[in-house]
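Below you'll find the structure, written out as structure tokens, and then a few comments.
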Amino acid sequence: MSEFRVKSIGSLEASFPVPGDKSMSHRAAMIAGLAEGVSTVRNFLPSEDCLNTLRAMRACGVEVEVLEEMPGFGPTSMRIHGRNMQLAAPTAPIDCGNSGTGMRLLAGLFAGQSFECELFGDESLSGRPMGRITGPLGDMGAKIDCLGEKPGCAPLRIHGAKLHPIRYELPVASAQVKSAVLLAGMFCEGITTAVQPAETRDHTERMLESFGVKLTTEVNAISIEGGQVPQARDFQVPGDISSAAFWVVAAAALPGSCLVIRQVGLNPTRTAILDVIERMGAQITRTIHSADDGEPIGDIEIRGAKLTGTELLRSEIPNLIDEIPVIAVAAAMAEGKTVIRNAKELRVKETDRIDTVVKGLRAMGGNIEEFEDGMEITGGSPLHAATIESHGDHRIAMAFAIAGLFASGETVVRNTDCVNTSYPGFARQLAAVLAESRNEADYDLPTVPA
Ligand code: S3P
């Protein structure tokens, strides 16, 4: 089992890209796989989560020609031969690994097929709530059995059916649930509407539109008319802002730092992390270079400062839900209180992230109070090294690697193979950023393929 060993550093100075966006890579594999024609997808994230989704699409007869790879991980550029909405029946159960996005969106795709299939995942995924998608997909006419030991949990046996459209009011602000309903809606006659209680990431809508599918959005109600066929196109996946978030916090909390993260996705439904870190006192410059594929891409420059605490707004929570572990680390470095409430969803992520963050920060000397729906961190006192267990959660492993940069002594993060679910090459990039910041010649920064 691998681990990170991290020591403190005075300041950071480097410029580099991060790997492709996880949410968009899942969607690109699915939508290009459904499309009419051959799409080229570049800067695909070769993480275990996204590779599982790509394998799932291949299992449904989608042909994938690999053009470029990230050595040791998997394809980054590929040609995907779309099936014109006609998926083939997979011959074996489909492994979604650790990925809630993979399982929930694929369930949406499979709900309207004329075959039966099974989706399963690892221990963490087998404990996460699937009723939030089996409910609306069931209302549309699919029959989905939750076969897990825990009620409402995976494995899922999906008996595809001829679906009928619904108007579904989501009880939780979840892009995964919205996307499952909209993808299922593509296989219905008529108009399917997903109404979200708050804005969530809109990559499904943007990507479908860039593949020529028409949707209408009225405030938080998104509608799709079934029967439309996505048209193949070339799609460049931007760098993942959720991966960039670790570097944003690393630089922000170390006065004198200047990091530039290049080619990052700057979709406004994902950039609340930047607003929060700016509010805490760091200086962040965003420069958008393009939005050719419906998704803004640009560089962010972060200059470190002595941070001060802040309160996360209720409306910001869905936008930065994945960044909360590393925001909590920034809060431990910030003078005063940081309040994170209305974030109960953290309890059903890859781990219970309220519990794992609270335990980890306390082990490093952080002053943190736990609530059912969040936490309050009183920062500013020095952190010290500790041995932190990731519990197999990628974002916990990386957040505490960053905490190690701020702590006295050597921080050990245990059980770090899980970072490959979202950030292949993180350990190498960390070593490279530290080497570049210390002006050591011997480093090798990964680059984004052309
Ligand atoms: C995702 C949506 C979010 C996020 C997850 C990826 C997506 O989950 O936490 O990492 O790609 O749609 P919810 O929509 O369930 O909040």
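All ligand and atom numbering here is 1-based and tracks the order in the structure. Note that this is a predicted model, so its numbers are computed, not measured.
At under 3.5 Å, not a single nitrogen or oxygen of Glu345, backbone or side chain, sits near a nitrogen or oxygen of ligand 1. Close N/O approach between Arg395 and ligand 1 is not found [any backbone or side-chain N/O within under 3.5 Å]. For Asp322, a nitrogen or oxygen atom sits less than 3.5 Å from a nitrogen or oxygen atom of ligand 1, counting backbone and side chain alike. Between Val177 and ligand 1, no N or O atom pair is found at a separation short of 3.5 Å.
Atom CD of Glu189 is surrounded by 12 or fewer heavy atoms from other residues, nucleotides or ligands within 6.0 Å. Shown here is Arg314, whose CZ atom has no more than 12 heavy atoms of other residues, nucleotides or ligands within 6.0 Å. Around the CZ atom of Arg233, the shell of radius 6.0 Å holds more than 12 heavy atoms that belong to other residues, nucleotides or ligands.
Between Phe4 and Phe400, the ring center distance fails the sub-6.0 Å criterion.
Interface of Ser23 with ligand 1, defined as ligand atoms under 4.0 Å from a residue heavy atom, comprises 1 (C), 6 (C), 7 (C), 11 (O). Near Lys349, the atoms of ligand 1 lying under 4.0 angstrom from a non-hydrogen atom of the residue are 3 (C), 4 (C), 8 (O), 9 (O), 13 (P), 15 (O), 16 (O). Taking a cut-off of under 4.0 Å to the non-hydrogen atoms of Ile321, the atoms of ligand 1 that pass are 9 (O).
One finds a salt bridge joining Asp355 and Lys359 here, because a Lys/Arg side-chain nitrogen approaches an Asp/Glu carboxylate oxygen to under 4.0 Å. By the 4.0 Å N-to-carboxylate-O rule, Arg79 lies too far from Asp234 to be salt-bridged with it.
Among all non-hydrogen protein atoms, the one lying nearest atom 6 (C) of ligand 1 is Thr101 OG1, 3.3 Å. Protein heavy atom in closest approach to atom 14 (O) of ligand 1: Ala175 N, 2.7 Å. Among protein heavy atoms, the minimum distance from atom 12 (O) of ligand 1 is reached at Arg27 NH2, 2.6 Å. Nearest non-hydrogen protein atom to atom 15 (O) of ligand 1 is Ser174 OG, 3.0 Å.
Under 4.0 angstrom from ligand 1, there are no non-hydrogen atoms of His203. Residue contacts with ligand 1 for Arg201 involve side-chain atoms from C-beta outward but no N, CA, C or O (heavy atoms, distance under 4.0 Å).
Ligand 1 does not have Lys178 within reach: every non-hydrogen atom of the residue lies 4.0 Å or more from it.
No side-chain heavy atom of Val195 sits under 4.5 Å from any side-chain heavy atom of Leu170.
Thr200 and Ala173 make their closest contact through CG2-C, 3.5 Å (heavy atoms, listed as atom of the first residue, atom of the second, distance).
In this structure, Arg42 fails the cation-pi test against Phe235, since its NZ or CZ atom is not both closer than 6.0 Å to the six-membered ring centre and inside 45 degrees of the ring normal.
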